[in-house]
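Written out below as structure tokens is the structure these notes cover.
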Amino acid sequence: MSPSPTPVSPEPPGTAQRPACEFAQFITNPTGSVVRCRVVGTEAVWGDPGQLIGRDLLELLRGVQPSWRELLPERLETGTDTVFLPSPHAQLPSFGYRLHCLALDEGYVVTITPELAPAAALGHEGFSGLAQRPEALAQLFLRHCLLESRMQSYLASFPGVVFSRRSDLSFSYLGPRFEEITGLPPSLATKDGHAYEELIHESDRESYAKESVGHAAGRPFALNYRIQHARTGQVRHIMDVRNPVRAASGLPLGCDGMWLDITRQKVAELRLNENGWKETLAVLTSGLLHDFGNLLSGIYSLSELYHAQLVTDPSMSEGLGMIKEHARQAQVLVKKISSLNRDTIGRRNYYSLNRLTREQLELIGPILPKGIKLATDFPPDEIPVYLDEVAFRQALVNFAINARDAMGTQGSIVIQLTAPACAEDFADVCFRSAPNWRRSYAALVFGDSGCGIPPDKITKIFDPFFTTKQSDRGTGLGLYTAQLFAENEGGHIGARSRLGAGTDMVLLLPIAALTDDGSPIPDDDGIAQFATPDEPATRRPCVLLHTPGQMPSARLEDALRARDWEVRNTIAFEEIRVFLAEKGAGLDLLFINQPEADSELPRLIELVRHEQPRLRIALEITGQNPDEIPSEIRRRVDILLRPNRPERELVDDLARHLPPR
């Protein structure tokens, strides 16, 4: 018969109290019976460790303290990973035990360590009771250090700045990302609060001043506005939220608040609004185009009839012939406009880059003033590409609009195509990301004779919201959209410019590999291969970055793309479900980046394992210690990343788990 747990008797008052057990670890089989154990402490609370083998661990724990029965689960597999058990000693209300259960394939590892009671229990005892127990103070200090460390990690990854401001407008505290977001050294802002106000976009200063007046009167401050980075000039959208801080007498002491960088959310919002308006416009114009097309058909039919009958009157015949030809051209134009409304972005197919670019010239022509001449320089051989025609068209139209605004009413545009592109010919181009010249690219150069771009700004033109135009003439998203198109197609975008002489926009697109009969060559995953001059065709590793409910960090995306990886983004469960079903076979890695392990994460991992069993999953939980992540999640991911590391170090870790290039 197994011995009963050793009863825990209270010690006389005034005796120094220590936890009855400093450390205990039990290894059980799948049914919860102890296989091995190790106990370290002043007392063996559960009896002789050698006599615990074969006993049911939960029954053993329930026998130590009656109050633990309600806290312990019925079975190890049904309970939570971590449970706090209050001390069986009446003299130790501030102490207890932390029970942590780790599930393994062959059973469980249960670790029990001393733990300070939760904050609510400590509040009932008061500081005077804690001061008499050095162990309690030590645990309280360690808990404080842990919370401070977690707060620093959170602030380092927080997409903004937390701050405290004095009544004289200087800052008493600034979060660690202040200089990154504003470009100002923190030492300057702590002395001169007006330095930050000088970064605010001039168009937003009036609304900022009005909100500040209300804040000075004691109202909370909440406003979205733009700032310009002090060093780079990059425009950022900021959500500014503050609450006043007052003394007990009502005297204003300053405020606590945060600046949240919502630039990427603003980009998404504008693009969604633009897409919504395009859909509405398509519905409205389709009906008008249908009616207009019917009218043109009537004009064309009548002109054709009368033109055939007026053979004896040359002047009338010539006039009706012109009417007939113009009506025919108008019908062709109506059909093209109708096809534009039906086009959907995101659909890829194989095209001849020569013919596709030539077709877009009819769209570009009406955008340009009559004083701007348009010329082309295409090679005689067709250049095969695999791309999204609608997104390609948008990129060319954005190039044309920028060129028109740079030239005014007079100038020239030359569109050149080259295949394959040579690195030497584009050595002076400032690319958004470095091309891999081992691949074979087709180069589209869109050159204008405009005013040119200053050297200090050419590296910023692909940033969202960057524009040199007036605020009512451009959003700063045209070249950013073109950059996204280039990246999605596995290509690159860049620019070279000469002040006063013009600008060349350079678009590199992979050349599609075709068989002798002109059909595409798919790889094992059904993805088109791209030809390379000196080596077999290779495909860039494709990473799906999933950030539930929020836009991904720009720094993280840049670090991933710096590896020449193809990066796709999803932010919703339904979005990733559709992506996996349609394009999951082309993925090399799913990277899940979120602040905590929520209830949707196990469901997402189950979906991935069902849809793409061979897809590797990397997980970074930025707001939790990896040991606190539920064991069922840890077991099902391939790569569990240590959180809040520099982006380059994190990406290096991911690279070790991707297939070799």
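Note that this is a predicted model, so its numbers are computed, not measured. Any value given below was found using the heavy atoms of this structure, including those in side chains, with hydrogens, waters and symmetry copies removed.
- Using a 4.5 Å cut-off on side-chain heavy atoms (C-beta onward), Asp240 and Tyr225 make contact.
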Practice task
Check the pair His100, Thr82 against side chain to side chain donor-acceptor pair (under 3.5 Å), reporting the backbone distance first and the verdict last.
Solution key: CA-CA 5 Å; His100 180 73; Thr82 304; 3.2 Å; yes
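- Between Glu606 and Arg636 a salt bridge is recorded (basic side-chain N to carboxylate O distance below 4.0 Å).
- Centroid-to-centroid, the aromatic rings of Phe221 and Tyr208 come within less than 6.0 Å.
- Here OH of Tyr97 is found 6.0 Å from CH2 of Trp68. Values are rounded to the nearest 0.5 Å.
- Annotation: side chain of Arg226 is in contact with side chain of Ser203 (closest heavy-atom distance under 4.5 Å).
- A donor-acceptor pair is defined here as one N or O able to donate and one able to accept, closer than 3.5 Å; no such pair exists between the side chain of Thr570 and the backbone of Ile576.
- With 3.5 Å as the limit, one finds a donor-acceptor pair spanning the side chains of Ser164 and Asp256.
- Environment of CZ in Arg635: crowded, with over 12 heavy atoms of neighbouring residues, nucleotides or ligands closer than 6.0 Å.
- The residues Asp653 and Arg645 are annotated as salt-bridged, a charged nitrogen and a carboxylate oxygen being separated by less than 4.0 angstrom.
- Partner Leu619 forms a side-chain contact (heavy atoms from CB on, under 4.5 Å) with one of Asp638, Ile639, Leu601 and no other, that one being Leu601.
- With respect to the salt-bridge test (charged N to carboxylate O, under 4.0 angstrom), the residues Arg165 and Glu197 qualify.
- Looking at heavy atoms from C-beta onward, Phe178 lies out of side-chain contact with Tyr173 at the 4.5 angstrom threshold.
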